[in-house]
Every structure is written in structure tokens, then in C-alpha cells.
Amino acid sequence: MKIIFATNNAHKLSEVQAVLGEGFELVTPRMCGVEEDIPETAETLEGNASQKAHYLYEKTGLDCFADDTGLEVEALDGAPGVHSARYATDGHDFAANNRLLLKNLEGKENRRARFRTVISLIEQGEEHLFEGIVEGHIIDHESGEEGFGYDPLFVPEGFDRTFAEMSAEEKNAVSHRGRAVRKLVTYLHAKQQ
Ligand code: ITT
């Protein structure tokens, strides 16, 4: 089954393809002739996922889905949250975001945080939402080379390594995105029966 994934993030694409498995072929916006940045101007993860998926659906008329993800840090009242990509700068500067996060957590004892992913699927014009959450904590220095974004700072509950110290399979098994995508797969499989 071919399905469009409304993302420009190559890391996400490979994580999602790995969870979907061989039964699904992911198509990128670029492969459908959509070259521009897809707008993300809502104030919630649900709103942004929905906006991205609807944007692509209106452009192509084909079934598609989008994910929006945020890191929600308890001691920072849920920040960076929906602003995770542009926390420190206007761009997707992972290193600057991580530096700012560490600075804002300096001296704070509560390091609890969670990643939350919301997927919006538009299927035959109807929207369906799927959520995935992983709880964990933020350490005080970057560790590991794998993954992307805040992965070098985030240790999921039950582990003593960051996501950036895990293989893609290990991260997907417990991650926010892995959990949300497995719900999406369950839904799509049920529809195929
Ligand atoms: P698209 O909108 O093109 O899909 P994006 O990079 O803008 O890609 P999001 O808005 O969903 O993706 O993510 C916001 C930021 O949250 C992202 O830039 C990363 O810094 C961070 N992030 C998202 N998923 C992550 C993950 O699995 N591990 C670590 N950081 C992540």
C-alpha cells in the first residue's frame, strides 16, 4: 500500500518506514511535486499534525498522514512542546536547541520530560488522530550519536541510555513515534481486511 507521509525530516521518514514494514511504501511530498515547506502554524501538536496532513491532502487528493512531535519538560511548564523545532532559533538547529534546554534546566532538580507524537491521517477525506507518548528524563550533557533532535539528552523510563545511544530498532520499540505509528498500522491493517 502506498501512502504519503507529510514530512521533510529524513530521520522521521526512516523511523516511520521501519515501523510500517514492507507492506507500506511511503511517498514524500517532494515525490508528489510538493516542494515548498508545509505550513505548521497551529498552537498544538494536534493542530499542526492536522494542518500538515490537510495541506497535502488538498494538494494531492490522496490519502496521507503527518506527525507532529514535541518534547514536554515538566519543570518548564511543558516547554518546548509545540515549539520544539524552533526553540532556540528560527531554524531546526538541534545543537542550539539542546544547549538552550540544558541552560533552562540548570539548577532544576526535576528533570522529568516526555516526548509526545500526534499523527493525523486523512483517509478518504476523513481525519483520524493517533497519539504516542514516552516518559523519561533529561540528563545534564549530550550523550550519543544516533537519532536526531533532543535524542542525546533524553533517557526513556526503564533505561540508563539516551535515545541517541540506542539503535533505531531500540528507539522505535519504546518511542513516542514508534507507539503512534503502531496505532496507525493497526488501524490501516483493520481497514484492509
Ligand atoms: P516535519 O514537520 O517536516 O515532519 P520537523 O523536524 O519540523 O519535521 P516536528 O515539528 O514534528 O518535526 O518536530 C519538532 C522538533 O522536535 C524536531 O525538530 C526535533 O528537534 C524534535 N523531535 C521530534 N521528534 C524527535 C525525536 O524522535 N527525537 C528527538 N527529537 C525529536
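All ligand and atom numbering here is 1-based and tracks the order in the structure.
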> Would you say the side-chain atoms of Glu127 and Tyr57 include a donor-acceptor pair closer than 3.5 Å?
Replying inline: no

> Any idea which residues sit under 4.0 Å from ligand 1, heavy-atom distances?
Replying inline: Thr7, Asn8, Asn9, Lys12, Glu40, Lys52, Asp67, Asp68, Thr69, Ser84, Ala85, His92, Phe94, Phe115, Phe148, Gly149, Tyr150, Asp151, Lys171, His176, Arg177

> Hey, does Arg116 have a side-chain heavy atom less than 4.5 Å from the side chain of Thr69?
Replying inline: no

>> So, using ring pair (Phe, Tyr, Trp, His ring centres under 6.0 Å) as the criterion, who are the partners of His137 when residues are at least two apart?
In response: none

>> Main chain of Gly149, side chain of Asn98: is a donor-acceptor contact present, judged purely on distance under 3.5 Å?
In response: yes

Do any side-chain atoms of residues 27-40 form donor-acceptor pairs under 3.5 angstrom with protein atoms, and if so which ones, sequence neighbours left out?
residue: Thr28; atom: OG1; partner: Met31; partner atom: N; Å: 3.3
residue: Glu36; atom: OE2; partner: Tyr55; partner atom: OH; Å: 2.5
residue: Glu36; atom: OE2; partner: Lys59; partner atom: NZ; Å: 3.0

Contacts under 3.5 angstrom, residues 81-88 side chains, donor-acceptor by atom type, not counting sequence neighbours:
residue: Ser84; atom: OG; partner: Leu71; partner atom: N; Å: 3.0
residue: Ser84; atom: OG; partner: Gly81; partner atom: O; Å: 2.6
residue: Arg86; atom: NE; partner: Asp90; partner atom: O; Å: 3.2
residue: Tyr87; atom: OH; partner: Asn104; partner atom: ND2; Å: 2.8

